[in-house]
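Start at 1 with the first residue, then count along the sequence. The basis for the numbers below is simple: all heavy atoms, side chains too, and nothing from hydrogens, waters or symmetry mates. Indexing begins at 1, ligand by ligand and atom by atom, following the structure's order.
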Amino acid sequence: MEEKIKELLGKMTLEEKVGQMNQYNGFWDVTGPPPKVGNPKVKYEHLQKGWVGSVLNVAGHENVREFQKMAVEGSRLGIPLLFGMDVIHGHKTLTPIPLAEAASWDLQAIEKSARVAAIEASARGINWTFAPMVDISRDARWGRVMEGAGEDPYLGALVGAARVRGFQGKDLAAEDTIAACAKHFAGYGFAEAGRDYNTVDIGTSTLYNIVFPPFKSAIDRGVKTVMNAFNLLDGVPATGNEFLQRDILKDKWGFQGFIVSDWASLAEMTVHGFARDLKNAAQLAVNAGSDMDMESSAYITYLCELVREGKVTENTIDDAVRRILRVKYELGLFDDPYRYCNAGREEKLIYHPDHKKAALDIAKKSIVLLKNKNHLLPLDKNQPKIGVIGPLAGDKNSPLGSWRLGSDDNTAVSLLEGLKEYTHEIRYAKGADLVVGKASFIEEVEVNTTGKSGFKEAIELAKASEVVIMVLGEHGFQSGEGRSRTRLGLPGVQQALLEEVYQVNQNIILVLMNGRPLTLTWADEHIPAILETWHLGTQSGHAIAQVLFGDHTPGGKLPMTFPRDVGQVPIYYNHYNTGRPTPEQEVFWSHYIDESNQPLYPFGYGLSYTTFAYSDLTIDDTEDTLVVSIWVTNTGERAGEEVAQLYIRDRVASIARPVKELKGFHKFMLMPGESKKVEFSLERDELGFYNLQGDYIVEPGLFDVWIGTNSQEGLQGSFELKEERVKEMWSK
Ligand code: NOJ
């Protein structure tokens with residue numbers, strides 16, 4: 001391959017090389033502000049000159065074939081295009097939003113979900129997805145938390161790698177695998193105040209220990225591309241950031257794939273006040289290591305000139321082009337540029353029953369039971385008089401979630417439809433509209449904040465019901481890109497609806513649909529049963545109904561802390577200790593005067609229809625690998641799955657370490673009364689961290705260790721990592 005690339009590079013003119021570094025949007029769907037330089041006629045001409053390396057947002061085997069033909073048959077060297085798209089949680093068949101999937105803590109199911117996405121996307125001509133988003137975020141105000149795996153770098157690294165495996169498969173040249181893209185490098189999830197695209201200003205330790213690990217894990221798993229980001233990091237835009245792209249990604253981590261910019265992020269460097277103009281932006285970005293320009297037209301317009309002026313070397317260009325061509329080779333596009341344009345595959349594979357099955361499986365696993373007082377759930381299958389209330393119960397669109405470019409509207413099984421599989425004894429009242437008009441990916445969602453005309457009917461229904469299922473939350477398009485919120489309660493009049501219904505019937509099961517943690521403090525105090533169902537995708541209604549009626553016992557665990565109040569944000573489990581964590585100093589301790597420090601539901605939290613008891617924590621420190629084990633018993637009356645989680649704390653270190661860090665988890669099923677010994681093996685080099693120079697170090701000393709059902713509960717032990725052990729480890 002390297003030989004062939006060399007040969008091809010030798011034949012390319014500078015313009016053709018730069019062309020490979022140019023990516024255009026496919027002239028209709030936009031996933032960012034519409035470009036100013038975007039005359040389709042010009043773009044078509046560029047395609048035929050070989051001045052385009054990739055297009056995004058073109059899908060369907062016929063469309064893709066048409067574009068590919070222009071590039072391959074129209075241009076001098078016939079280099080095939082890459083077809084990129086945001087295939088985030090499925091293409092046509094939609095699996096749960098990524099945050100929900102992370103709640104499954106089931107890496108195989110997550111990999112399978114990405115596999116299904118790749119099969120369907122590749123059947124429609126796409127060979128490159130802009131996923132997984134591996135940005136860690138601690139801020140539920142940021143709408144894009146729905147697209148990631150939550151707040152923890154350890155879980156995030158494993159989930160990211162599972163998604164890369166699922167998309168890229170074992171052989172990238174196979175017709176059903178696509179190139180993945182770890183994004184957004186780096187720090188984007190730390191946008192100040194949770195406002196999308198905002199400045200990022202984080203410390204070195206956070207960058208190395210929290211932000212980088214999921215990217216490193218994706219690189220180690222062979223992810224073919226990385227996307228940079230819109231944000232400034234320490235005053236330097238990620239797109240023009242040499243430290244991030246060259247020093248870390250390409251040099252230190254040895255990344256061989258290519259880096260694509262985010263949508264118009266080159267042009268935006270001028271707005272940031274970092275680049276003088278678009279030409280300067282092109283120079284800064286390419287020299288910093290950004291290989292492909294998405295929708296700024298900066299490279300295609302200025303790079304040749306910049307090379308001629310000696311501001312960019314041809315070596316820099318060659319390196320970028322080599323990286324891009326490599327991915328094209330690996331995808332098999334040089335053998336057959338139409339590999340992913342097969343009418344038969346599209347017809348056969350879109351909405352394939354196996355995909356629905358996989359989507360249903362992971363949808364069930366993504367559900368988190370937050371509260372279940374007096375075993376209100378699961379419902380008896382003969383339960384009479386069920387009233388269903390809430391704007392989202394009958395919705396077939398919202399549960400598909402945000403970021404679903406390829407999908408068809410209204411293709412989710414609504415909860416009402418799911419419930420009908422069990423009983424026809426259901427009555428429904430909408431209660432209120434959640435949004436006014438039609439919500440869409442490219443428009444602001446307008447929320448109904450006053451319309452209560454449906455309340456009366458809902459209250460009458462509640463009075464006449466034995467059990468009320470209230471289906472409330474966020475519309476699918478209230479989270480995602482550009483959907484930051486300052487308030488995290490139930491949007492619109494839904495909280496009022498909940499409280500008014502509660503006045504007449506307290507037997508409420510609250511089914512939540514949302515794309516981010518919400519503040520549910522009132523609900524937690526009053527409502528007996530609460531089920532977090534996120535946005536579960538195509539099979540949503542079936543998955544929720546099966547959980548409500550007990551055909552599936554919920555076992556999901558929160559990948560992100562749920563605050564009691566938005567004022568606590570950012571709130572996350574792996575925080576540092578302050579010097580004054582407890583109230584011993586009268587008023588002078590780290591606290592709020594109007595709210596507790598505690599979250600409403602901590603990271604890793606989730607109940608089951610059964611209960612689990614943890615006992616006998618043992619630590620075996622004698623061998624090379626540290627083994628920590630515990631017994632877990634199912635003490636309830638149903639079979640259920642539990643996720644046992646191991647956390648550590650390095651008590652004293654040269655850089656203070658967090659109060660807890662997840663270092664392992666096991667998910668397993670236990671029958672009623674059954675006990676199991678769960679063993680965690682920890683290599684001693686897993687006990688280290690990155691210092692402020694970015695070196696990974698392991699320091700001897702005392703460690704605490706917990707194993708438990710979430711990040712706040714667990715049995716605790718401690719061990720000492722002896723100096724000799726550390727020396728021995730490094731000498732090996
Ligand atoms: C902007 C988003 O930030 C990025 O994640 C996405 O892949 C591109 N638009 C392309 O749609």
Side-chain angles (χ1 to χ4, degrees), residues 22-35 38 53-59 82-91 97-99 114 117 121 126-137 142-149 160 163-164 167 178-191 194-198 200 214-215 218 223-233 237-239 257-269 271-272 290-297 401-407 440-442 477 479-484 515:
N22 179 34
Q23 186 188 44
Y24 282 144
N25 183 56
F27 324 153
W28 50 89
D29 275 335
V30 285
T31 47
S54 167
V55 292
L56 76 149
N57 294 335
V58 173
L82 284 173
F83 290 86
M85 197 166 195
D86 294 277
V87 180
I88 306 297
H89 54 111
H91 183 58
I97 56 169
L99 185 66
I126 296 150
N127 47 38
W128 177 23
T129 175
F130 306 127
M133 186 189 96
V134 294
D135 295 312
I136 297 297
S137 182
W142 190 52
R144 292 193 86 166
V145 297
M146 58 76 51
E147 204 182 334
R163 291 195 202 285
V164 172
F167 289 129
I178 60 180
C181 180
K183 70 188 188 185
H184 306 82
F185 201 63
Y188 183 45
F190 282 77
R195 178 156 51 78
D196 210 358
Y197 317 125
N198 204 2
V200 173
F215 285 97
V223 71
K224 294 296 165 195
T225 71
V226 168
M227 186 183 291
N228 57 37
F230 293 124
N231 56 280
L232 294 181
L233 181 70
T239 305
F258 72 86
I259 303 176
V260 63
S261 81
D262 203 343
W263 180 289
S265 66
L266 272 87
E268 289 176 15
M269 293 205 296
V271 191
H272 281 300
S290 187
D291 302 304
M292 186 182 276
D293 167 10
M294 180 193 289
E295 272 298 312
S296 286
S297 295
S402 199
W403 270 125
R404 49 174 175 100
L405 295 180
S407 73
S440 84
F441 180 69
I442 53 163
F477 288 125
S479 56
E481 188 178 347
R483 271 69 169 181
S484 297

For this session: Specify whether Phe185 and Phe215 have parallel, tilted or perpendicular ring planes, treating 30° as the upper limit for parallel and 60° as the lower limit for perpendicular.
Result: perpendicular
For this session: Have a look at ligand 1 and work out which part of Glu481, if any, has a heavy atom under 4.0 Å from it: side chain, backbone, both or neither.
Result: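 Only the side chain of Glu481 comes within reach of ligand 1.
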For this session: Report the part of Glu295 (side chain from C-beta onward, or backbone N, CA, C, O) that has a heavy atom under 4.0 Å from ligand 1; answer both or neither where that applies.
Result: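 None of Glu295 does.
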Is the closest N or O pair between [X] and ligand 1 shorter than 3.5 Å?
{"X": "Asn57", "answer": "no"}
{"X": "Trp403", "answer": "no"}
{"X": "Trp263", "answer": "no"}
{"X": "Glu147", "answer": "no"}

Taking 4.0 angstrom as the limit and counting only heavy atoms of [X], give me the atoms of ligand 1 inside it, by number and element.
{"X": "Phe130", "value": "7 (O)"}
{"X": "Arg144", "value": "2 (C), 3 (O), 4 (C), 5 (O)"}
{"X": "Met227", "value": "4 (C), 7 (O)"}
{"X": "Asp262", "value": "1 (C), 2 (C), 3 (O), 4 (C), 6 (C), 8 (C), 9 (N)"}
{"X": "Leu56", "value": "10 (C)"}
{"X": "Lys183", "value": "4 (C), 5 (O), 6 (C), 7 (O)"}

Exercise. Could you walk me through whether Trp403 and Arg144 pass the side chain to side chain contact (heavy atoms under 4.5 Å, CB included) check?
Worked result: CA-CA 10 Å; Trp403 270 125; Arg144 292 193 86 166; 3.4 Å; yes
Exercise. Between Ser54 (side chain) and Tyr24 (backbone), is there a donor-acceptor pair under 3.5 Å?
Worked result: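 No, the answer is negative, given that no donor and acceptor are paired below the 3.5 Å cut-off.
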Problem set entry | Main-chain N/O of Phe83 paired with Asn127 side-chain donor or acceptor, under 3.5 Å | yes
For this session: Take Met227 and Trp263 through the side chain to side chain contact (heavy atoms under 4.5 Å, CB included) test and state the conclusion after the steps.
Result: CA-CA 10 Å; Met227 186 183 291; Trp263 180 289; over 6 Å; no
Problem set entry | side-chain contact (heavy atoms from CB on, under 4.5 Å) partner of His91, the single match among Ile126, Thr129, Leu405, Ile178 |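 The residue from Ile126, Thr129, Leu405, Ile178 that satisfies side-chain contact (heavy atoms from CB on, under 4.5 Å) with His91 turns out to be Ile126.
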Exercise. How far apart are the closest heavy atoms of Asp262 and His184, and which atoms are they?
Worked result: OD2-CD2, 3.4 Å
For this session: Examine ligand 1 and decide if any of its atoms is less than 4.0 Å from a heavy atom belonging to His184.
Result: yes
Exercise. Within 45 degrees of the axis of the six-membered ring of Phe230 and under 6.0 Å from its centre: does Arg195 put its NZ or CZ there?
Worked result: no
Exercise. Side chains of Asp196 and Ser484: do they bring a donor and an acceptor to under 3.5 Å?
Worked result: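 No pair is found: no donor N or O on one side chain lies under 3.5 Å from an acceptor on the other.
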